[in-house]
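Side chains are part of it too, since the values below use all heavy atoms of this structure and drop only hydrogens, waters and symmetry mates.
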Amino acid sequence: MSSPPVSGLDRRLFLTSLLGVTAAAAGLSGCADSSAAADETAADAPLATKVPAGTSLKIASYQNAQQLQFRLAGFDDLPFTVSNWLNIGAGPDVINAFRAKSLDVANNAGIPPIQAHYQGFDAKIVAVNITRKPNYLFATKPGSDIRTVAGFRGKRLAFSQGQAQGVVLLRALKQAGLAYDDVELVPLTSNQFLTALQSGQVDIAPLANTQVPAYLTQYKSARTIKTDVVDLLSVLWAPVSVLNDRAKAAAVAAYIPYWAKAQVWTYEHPEEWNEQFYVGTQNLTLAQAKAVTALANKPLFPPRWDEAIRWEQETADLLAEGGFVKKFDVSELFDHRFESLAAKAVPAEYRR
């Protein structure tokens, strides 16, 4: 059964229905669930210079990519224990795992921390990777004649508010001069996008670059619409409760350089990554894998987060304009104790 379009009056209700979390169920009041004193502790306590013995982290590794990167790059000397690599990636799922205390640190786009704040869950960004090229393309349903973003007017668009794909769509609409009321936003999560396109439930969905080759191979009458809209931020983030734990905060600080170097290793070894990950685990052909890596972003780790904070503020403001979240100052989402760690770990050409 198709989900109804999102009207202006229903947008805030849509948020809770999409994420499966309501303020009442979580016992929230719209503010962060940690006290102001806890926030101050997280922001001000200096990081330990050594990870205490016995410290462990539960780390998100969507499609098991992170541990494969670490294995291929030879990173077997972590100064802490990874008690669990969780195959989890979607922002709403990550937030729920944070709440359940089954996850300590995750890699997402910039929007999930905004959504977590809106829901009243307190978490902080601890590392930033800047992406300069689009990670998503707009795909049409099979047989569609839509060729431009301007052609989205009056069409049904797959929209995941709590994920990067949703913000990419909103930015594209704004760039094309289309208001939210000019289109039908169909609330779905990104793992439902392909099925929605295939069934004709939606006319357009933003697909990750990794999904596009296989989709176009299967549906010859579908097409993609390219834009210059980027999702600028790829971030590591963690609950404040984790960052307030001195041992776990030290482990997170130790993890960040390995994470940054793993992104560099993957970028510098596309042939091995194609074979081991895309062909070996994602069932892509080698030609499809090469098409994906040709679109890959060069990892860039800024020593300072000024640009990232500006971008995050623009994103939050864009969501607030549509009534999806309340306006707030996003600077509180960044834990500056960790600001320079990723950049210091990589060669100069990967710093921005």
Side-chain angles (χ1 to χ4, degrees), residues 1-20 89-92 108-112 114-115 118 134-212 214-216 218-219 221-232 314-325:
M1 180 176 179
S2 298
S3 300
V6 182
S7 69
L9 293 176
D10 291 335
R11 285 188 180 111
R12 289 185 180 173
L13 291 176
F14 161 55
L15 169 66
T16 55
S17 65
L18 174 64
L19 298 181
N108 286 101
I111 187 171
I114 294 172
Q115 295 289 6
Y118 179 70
N135 286 324
Y136 301 96
L137 296 172
F138 292 107
T140 71
K141 69 179 182 181
S144 172
D145 61 356
I146 302 172
R147 297 181 180 275
T148 66
V149 176
F152 291 3
R153 185 183 298 274
K155 302 301 183 181
R156 296 162 298 170
L157 314 180
F159 179 60
S160 177
Q161 178 183 322
Q163 298 180 260
Q165 294 91 329
V167 170
V168 168
L169 176 59
L170 295 183
R171 286 182 178 271
L173 293 176
K174 184 172 183 178
Q175 189 178 83
L178 293 176
Y180 300 139
D181 292 339
D182 291 331
V183 299
E184 295 182 7
L185 299 178
V186 180
L188 300 167
T189 53
S190 61
N191 60 357
Q192 298 172 311
F193 285 2
L194 279 174
T195 301
L197 284 172
Q198 294 161 352
S199 66
Q201 180 184 356
V202 297
D203 299 294
I204 294 288
L207 297 184
N209 291 340
T210 55
Q211 297 175 295
V212 169
Y215 177 67
L216 294 182
Q218 184 176 0
Y219 295 96
S221 62
R223 62 172 58 88
T224 57
I225 299 165
K226 296 181 180 180
T227 71
D228 60 359
V229 177
V230 299
D231 177 38
L232 191 74
E314 289 177 9
T315 300
D317 291 348
L318 183 63
L319 290 168
E321 289 171 11
F324 299 111
V325 302

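Here the straight-line distance linking atom NZ of Lys174 with atom CD of Glu321 works out to 4.5 Å at 0.5 Å rounding. Interatomic distance, Asp145 CG to Arg223 CZ, rounded to the nearest 0.5 Å: 7.0 Å. A distance of 6.5 Å separates CZ in Phe152 from CG in Leu157, rounded to the nearest 0.5 Å. For the atom pair CG (Leu194) and OH (Tyr219), the distance works out to 8.5 Å, reported to the nearest 0.5 Å. With values rounded to the nearest 0.5 angstrom, Leu170 atom CG is found 7.5 Å from Ile111 atom CD1.
Annotation: side chain of Gln175 is not in contact with side chain of Val149 (no heavy-atom distance under 4.5 Å). Considering only heavy atoms from C-beta on, Lys155 stays 4.5 Å or farther from Val183 through its side chain. Side chains of Arg171 and Thr315 form a contact here, defined as non-hydrogen atoms less than 4.5 Å apart. By the 4.5 Å heavy-atom criterion applied to side chains, Asp203 and Glu184 are not counted as neighbours. Phe159 places none of its side-chain heavy atoms less than 4.5 Å from the side chain of Tyr180.
The backbone N or O of Gly200 sits less than 3.5 Å from a side-chain atom of Arg156, completing a donor-acceptor pair.
The minimum heavy-atom distance linking Gly91 with Pro112 is given by the pair CA-CG, 3.7 Å. For Tyr136 against Ala164, the heavy-atom pair with the smallest separation is OH-CB, 3.7 Å. Closest of all the heavy-atom pairs between Leu188 and Ala158 is CD1-CB, 4.0 Å. For the residue pair Lys141 and Tyr215, the shortest heavy atom distance occurs at CA-OH, 3.7 Å. For the pair Phe193 and Pro206, the tightest heavy-atom approach, listed with the atom from each and the gap, is CD2-O, 3.3 Å. Scanning all heavy atoms of the two residues, the minimum distance from Gln115 to Leu319 falls at NE2-CD1, 4.4 Å.
Side-chain contact, Gln192 with Thr189: a donor N or O sits under 3.5 Å from an acceptor N or O. Between the side chains of Thr140 and Arg147, not a single donor N or O lies within less than 3.5 Å of an accepting N or O.
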Would you check, one step at a time, whether the test side chain to side chain contact (heavy atoms under 4.5 Å, CB included) holds for Leu137 with Asn209? CA-CA 7 Å; Leu137 296 172; Asn209 291 340; 3.8 Å; yes
Under the criterion side chain to side chain contact (heavy atoms under 4.5 Å, CB included), I'd like the reasoning laid out for Phe138 against Leu169: C-alpha separation, chi angles, the key distance, then a yes or no. CA-CA 8 Å; Phe138 292 107; Leu169 176 59; 3.7 Å; yes
Apply the test side chain to side chain contact (heavy atoms under 4.5 Å, CB included) to residues Leu207 and Leu197: give CA-CA distance (whole Å), side-chain angles for both, the deciding distance (0.1 Å), then the verdict. CA-CA 10 Å; Leu207 297 184; Leu197 284 172; 4.1 Å; yes
